Each structure stands twice: as C-alpha cells, then as structure tokens.
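The structure appears below as structure tokens.
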Amino acid sequence: MQRRKRRLATIATTMVAMLAASACAASEREEPGPEGEASGGTLVFGAAGDPKVLDPTFASDGETFRVLRQIYEGLLTSEEGSAELAPALAADFPEISEDGLTYTFPLREGVTFHDGTEFNAEAVCFNFDRWYNFTGTAQNPGVTPYWQDVFGGFADTPDTPNIFESCSVEDDLTAVIQLTTVTSRFPAALALPSFSMSSPTALQEYDADNVTGEGDAPTYPEYATEHPTGTGPFMFDSWDRANGQITITRFDDYWGEPAGLDEIVFRTIPDGNTRKQELEAGSIDGYDLVAPGDIEDLESQGFNVLTRDAFNILYLGINQGQFEGAEAAGINPALADIRVRQAIAHAIDRESIVTSQLPDGAEVATQFMPDTVDGWSDAVTEYPYDPDLARQLLEEAGATGTTLKFYYPTDVSRPYMPDPASIFQVMSQNLQDVGFVIEPTALTWNPDYLEATANGLADIHLLGWTGDYNDAYNFIGTFFDAKAGGVAKLDFGGYDNQELFDAFRVADSEPDPANRVALYEDLSELIVDFLPAVPISHSPPALVIAENVEGLVPSPLTSEDFSTVTLTD
Amino acid sequence: MLRFIARRLLQLIPILFGLSVLLFVWLRNLPGGPARALLGERATAEDVEAINEALGLNDSIFVQYGRFVGRVFQLNFGTSIQTGRPVTTEFLQRFPGTIELTAFAILFAIVIGIPLGYLAARRHGGVLDSASVIASLLGVTVPVFFLAYLLRFAFSVELNVFPGSGRQDVRIDATHPTGFFVLDGLLTREFDAALDAFLHLVLPGIALGTIPLAIIVRITRASVLDVINEDYVRTAESKGLAASTIRRRHILRNAMLPVATTIGLQTGLLLSGAVLTETVFAFGGVGSFLADSIFARDYAVLQGFILILAVVYVLVNLLVDISYGLIDPRVRVR
C-alpha cells in the first residue's frame, strides 16, 4: 500500500512539473519579437483537401490554386471580387496586333521574386519557353493540363496543334508573345494560376523541369514541393504533408500593398462537419465549401458567411446514343429525337429546384454559362416548366412510357450541386409525372460516377462546371465542342453536329473581341435549341470566416486573395 | 522459442504473396482508374488514355504484377499518384501518428475495460453488471463519426478543453525528430508541445478506443466469471488469503489469457489504420491516407500500405503469443 501511494505521488509530481514546464515554455514563446514590430498575426484556414503540387504549371485543382494564388502572380489576373480580367505583373493590358497574333505586354517595374531575382521581360520569356519546351513526363496531360488545354502541344510535338509561337524580349520591361492562331482563350487564360511567373533562378536551381515517372505516378522535382518561388504577397515557408499543413509568410519586399497577416496556415480537414466544429471551437479562422444547410446556423453564431457570385453551371446531360456500342450499352434511342429532349426540358421544374434545393442566391439557368461571361445571350429559347406540353411532345414522339437510366453521384458536394441526391429526387419525380419511367443509378463521385458518365453509360446524368476564367469557350466548348474523333463527348452520346462544331471554330478564331462576343451569343442560342443537355442552375458557393477576420473579398472564381485580410481583436 | 519465431516469420511469405495477388486483382477491377481520379470533371478520353499509357496501366496485369514484385524486392513500393512521393516515405511519416493514437486508444480501453469487466463479474447480476453490459453494447454499436461529433461538440466546442482535430496546434512551432509528437516534445524538452500533442490524442483516442473497450469489458467479465467459480479460488478463500492477493494472483492472472489475445488482435486492427477516426479528426496517420487513396485509386499506396500493415499485424500477434508465456507459464512456447 505504502509503495503504491509513493508511486501515485511520483506520477502526480511529474504531471504537475510537466504542466508547469509547458506553461513556462508557452509564456516564453508568446513574448513579442525583439524589434517589437506590430504583429499581423496568423490566420488558420480550413481546406477540404491537400494541394497536389506547388509548381503552378503542374496545378489544376481549386485547393492547390488557393495556396498558389497567394505565392504567385501572372501577367494578368481577375479583378478582386469579380471574374473580370485585370493586369497583374503586366503594367497594363497587352497591345494586340491587327491580325490578333502578336501580344505586346508592358511589364510592372520594381518587382522582385521571393529569392531576390528581378522580374523582367527575360523572366517572362523564360517561363513561356519553359512551358513550351517541356519533354517526357511533363507532357503528360495529368501533369500540364492547363498548358495543353489552352496552348496545345509542345516544341517537340509538331503534330499536336499549338497556339504558342514565341516569346521575345523587346526591352527590359516589354515582352512580346506571338501566337500561331487566334483563340478566345488567350489572353484571358493568363489569369489562371497555372500561368504564373516563377523565378528563373529558382527554377534552374531546383531542377524544376525534371518531372520523372516510374510506373505509378509522376514524381515532381524539389522546386514543385519545397521551393516554389513567385512574386506574390506571401512566401512559401513549409509543407507538412503527413499532417496536411502548408504555412506561408508575408513577403516584405512585395511590390504592392504588403499583406496584413504575418502568416497563413492552410490546414486540410476533409470532413465538412469537422471543419464547422473546428471553426466553432476557434481552432481555425475560416473554411471553404460551407454546406448550404449550415449557413443559417453559422450566421446565427456570429460568423461571416461570404457568398460568391455564381460562376458555375449545373446541367442535366442527355445521351443521344450516336456512338458505336450505344445500343449494347442500353442507351435509349428515343433521346436522339429532339422532341423527347424538349419534353425533358419542359418536364423539369427548375424554379422549384432552385428554391428548395439550392442556397440563397442561386438562379435558374437559361443557358450553359452565367450572365457575367461574354457570350451569354438574352435571346435563347426558354423551356418553362410545362408538364402538359412535355406529355404532348412525348406523345408526338411516340415515346410515352420510355425508360431513362438516370445517373447521379453520392458522397459529393460540388459548388454547383451541394446535394445531388435531393436534386435527383425532384427531377426524377418531375420526369415520372409526364410519362417517363426512371431507372436510377447512384455511384460514388470519383472515379466511378465520372467514369460511367464519360463512357456514355447514362441516358441522363447530373454534372456541372465551375469556370476557370472569363471565357465562353471555357464553358460551352468544354462540354459541347467536338472532341477526339471529330464528335462530341460520350456524355452527350457522341453527336456529330457539324453546324455546331463549325460555329465553335469561327467564334474561337475571331480576332475582333466585339464580333467574337456576338458569335458566342449565337452559339449559346444554337446549343440551347439543339439541347444536348438541359441547363438547370447557377449556385453561389460560400465560404465562412470568424468575426475577427476582415478584408476577405469573395471571388466568383473561388480564388480569393488573402493579402487584404487582417485580424482584429 | 527462436524456432517458434522463425516459423511464424516464414509463414509471412505465403501470406504476403497471397495478399499481394488479391490486392492487385481487386484494385485493377475497381471501376475507374487513377487517371480519371486525377483529372476529375476535366478528364477527356484522350487524357485518360495518355495517362494510362504513361503509368503502364495498359500492360497486361501479369506484366504489371511482375514489375511490382521486382520493385518490392528492392523495398520500393512505388510512388503515390496523389503526392508524387515514394510510398515508403509517406508510410514512415504517417505511421508514428497511427501508433500514438493506437497506443492511447488501447491504453484507454485497458485501463477502463479490465477493472470494469472485473467489477461487473464480481457483482454478477447487480446494477453495475447490467450497466456495463449495456454500455459495452452501446460502445460497439455507436458509429465513430457520430461519437466524434458528440465528443468534439462537448469537449472542444462547448468546454474547450481538448482540441478537436489534427495532431498539433498549428501555432506551436515544434521540432519532430522521430515523428512521435508526444515523445518528440519530451525529447526536445518542448514540454508544451508534448502536452499539446497528448491533448490532441484524447478525443480521437476515446472515439477509437470505445470498441476495444467494449470488447475488453465483455471478455474480462466472462473470463473472470469462469475463474471465480474455480476450486482453487474457493480453496484460497477458505485458507484465509488476503482478498487482494486472491484477486491479483488467482483470479486476474488466470482470467487474463483471453483478454491478452483480444488486446493483441485489437491493437493489430487499430494499427492497420483507423480509417474513419483519422478522417473525421483530420489526424495525419495511415488510416486517413488509405481512405484518400481508395478514392484516388492510388494503387501504389494501397498495395504498399496494406502489405506493410499485414506485416505489422502478424508481428503484433506474434508478440501476443510470446506474452502468453509471461502470463501463464503452462503455455510457455518452446
């Protein structure tokens, strides 16, 4: 007994000593720095997923872009809080030659990279030449998706169409980009974080081009994981991958207004409920992808829910079954009949979906891009909710009672589709009301669902898109233009609509901006008449911050700039 | 003893071979693949094809398996498609977290489970007994994510005594020589970091420990009930031995064999990745990464992690077998 008492006493003493020691250590740390500088503090932001890689060239997803947006800048950017294009490292918009092929960019003066390297026309061309001259694994579409999406091929792949011709240095602060063909994607795409400027010194020092792959996956060089070096208001500090934490710190020699915060920590918390509770507990200062059902609760607790302007589209894809094997896959041939597609459009009560299933601020979509994109037309055919007309169209087509395999994803919340299952419920009921028979298939989002829809297995399916930058082609071209083999995606049944495809070619290669907008408006009308899918809605995604976080402006592109953020007591 | 250990280790070879074949076939029969998972909505058929070609996924499954085995012999499990880093690096950085969490959960289960099971058996049919049976049933049936939500709401959001996710407060700038955060804090004398890491273990540890706790309570209770009715206990009582001696030497020691087996099996299970707990607590261990890897179709990580964890599982159970001898000399292995 005596011995046990002694042991308990020892344990208690040790614990008290540990607590005391920790209190001392903590109090030592909390003292201000020796210079006594005003402290901007640390912001902890809860992200839903890990960034993939920190070299912007190799990045393509939202979580990665969020971090890169703070470290890097490109020649152009999107205006704060909107999707409008604005100059960033370019001092102004480029001067464009009459043929639309030569872009002369005046550059901002007095900009340095985080490693002290000067930013100038040579650095610009170094970056463009680097992208164009990638070889080996770096040419994989999973590694350089946006370069290939926007510019096409590489120097050593002459058979792949490519719009980049050259970059030349006119003088220290003037860079000239020469294109091979005109496209609506340039220069708008330069606002994407993927086309940010990296320090040429750091790129060379850390072997940035050396992407290797041995069987399983691409392996990125040191630059992309340990030494990302841009010109942005924050510098990379550390990345703890096992614990999902990226720390960035203020860059004091930033050319613009210096950041208000000392440090930002992006913490990955995959579970939405955990993010909410961690905000409530004060462990994080904000998070993204707020579930629509949580908004009211969060606001009532005093948190600021910031709603972004909707820059996305949810659509119901229709499979016209025009590809080889469509019959074997059991695709309903009736969907090739425009009257059946019109019946679907008139059967769906989009107004009710928007009010009952989507967050405040969501809107019914009349076409496949939000009205902030140049190319949105106010003259598209509308398909109001009209069950009687739907029944009549179906009867005329002799398709009453036809069966539709309706695919929808589970376990996922996308900015344009917070709760797919409930949207499916409403649509399914609407379609059954007018005489369709629905055969539902629910699949896990990635990769099961995406794979099934991309292989044309669904008669109808729910999918959508968040715009990358302000360009009509980025919306409608992604979905409806011809893909490999000169036909449409299998999602939509691989239709071969040459009139539509030709219209895309003409609009994309029109050098005059005003004419181009008119051409895209015509295209919007053409697509809505052809009805390869039914546009459903645009939803505003939300993020939330604690009360003491100020100055964060929500961006429709979900690409917020944290340099304007400050913390108040 | 050495022969016993050697024999058990040799048994690993067919186990690992069989497991690797099963894993390989299973993974490649999952719908979708890494390319689709990598590109998401943005994937086009050509992109998927190009990535599959580059990753060697268009080769026959035999060729792929051959390549895999060739690399495993060099202790190279390949590269994660999610992070682009070697699978072994990913494992070594995450496994210490899982070990710490498992240790906390199992200790929690033992420290509460064995006394509770013992008391329930001694008060057989009483209130405490019924209560512990009901509580242990609840422990097994409550889903982890629900328990996580409740624990975090009570102790993190409302009372603010325990942190609700992660392994360390991001504002603590600690050094981590070993990757075991509590140990690191003690070694580097950053005691605040050690305490913080320990506090971070509490809620996920309890959430993870409830199932082993419930099982240990029930096994201890059943086992003690068996033993207290044995003749030698009655003999000990009638010859006037102190109650504490009877409890320790005659009852507990004899009742512990099945409990030790349970603890061993449960430890092995928890070590092989507390997938749900780690995910809902954003705890950087092997479990949460395994879960991510299934969605990302990260073949290399799934193959590598599961094989390494199989080895760990076998080793833990070997230790349990050896520990039998310590508890009960009659089953000491030769």
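All chains are named by letter (A, B, ...) in the order of the sequence lines, taking the proteins before the strands, and each is independently numbered beginning at 1. All of these numbers come straight from a predicted model, not from anything done at the bench.
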Query raised in the report: Restricting to pairs with a member in residues 44-73 of chain B, which pass ring pair (Phe, Tyr, Trp, His ring centres under 6.0 Å), not counting sequence neighbours?
Result: B:Phe24-B:Tyr65, B:Phe24-B:Phe68

Query raised in the report: Is a donor on one side and an acceptor on the other found under 3.5 Å between the side chain of B:Arg189 and the backbone of B:Leu186?
Result: no

Query raised in the report: Considering only heavy atoms, which portion of B:Gln168 lies under 4.5 Å from any heavy atom of chain A: side chain, backbone, both, or neither?
Result: backbone

Report task. Verify the ring-centre separation between A:Phe480 and A:Phe492: is it less than 6.0 angstrom? Result -> yes

Requested in this report: Would you mind checking which part of A:Thr225 comes under 4.5 Å of any heavy atom in chain B, side chain (CB onward), backbone (N, CA, C, O), both or neither?
Outcome: neither

**Report entry** Segment of A:Val53 engaging chain B (4.5 angstrom heavy-atom cut-off)
**Finding:** neither

Query raised in the report: Is it the side chain or the backbone of A:Thr268 that comes within 4.5 Å of chain B heavy atoms, both, or neither?
Result: backbone

Report task. Taking ring-ring contact (aromatic ring centres under 6.0 Å, His included) as the test, write out the residues that go with B:Phe95, two or more places apart. Result -> B:Phe91

**Report entry** Positions in residues 239-249 of chain A that reach chain B, provided some heavy atom is under 4.5 Å away
**Finding:** A:Arg241, A:Ala242, A:Asn243, A:Gln245

Requested in this report: Evaluate side-chain contact (heavy atoms from CB on, under 4.5 Å) for B:Phe283 paired with B:Leu201, printing each intermediate quantity in order.
Outcome: CA-CA 9 Å; B:Phe283 193 92; B:Leu201 289 175; 3.7 Å; yes

Query - Side-chain ion pair, A:Asp285 and A:Arg267, N-O less than 4.0 Å - result: no

Query - Partners passing salt bridge (Lys or Arg N to Asp or Glu O under 4.0 Å) against A:Asp491 (at least two apart in sequence or in another chain) - result: none

Report task. Examine A:Phe58 together with A:Phe134 and report whether their ring centres are nearer than 6.0 Å. Result -> yes

Query raised in the report: Is B:Arg28 paired with B:Asp59 through a side-chain N to carboxylate O contact shorter than 4.0 Å?
Result: no

Query raised in the report: In terms of heavy-atom proximity below 4.5 Å to chain A, should B:Phe153 be classed as side chain, backbone, both, or neither?
Result: both

Query raised in the report: chain A heavy atoms under 4.5 Å from B:Gln82: which part of the residue, side chain, backbone, both or neither?
Result: backbone

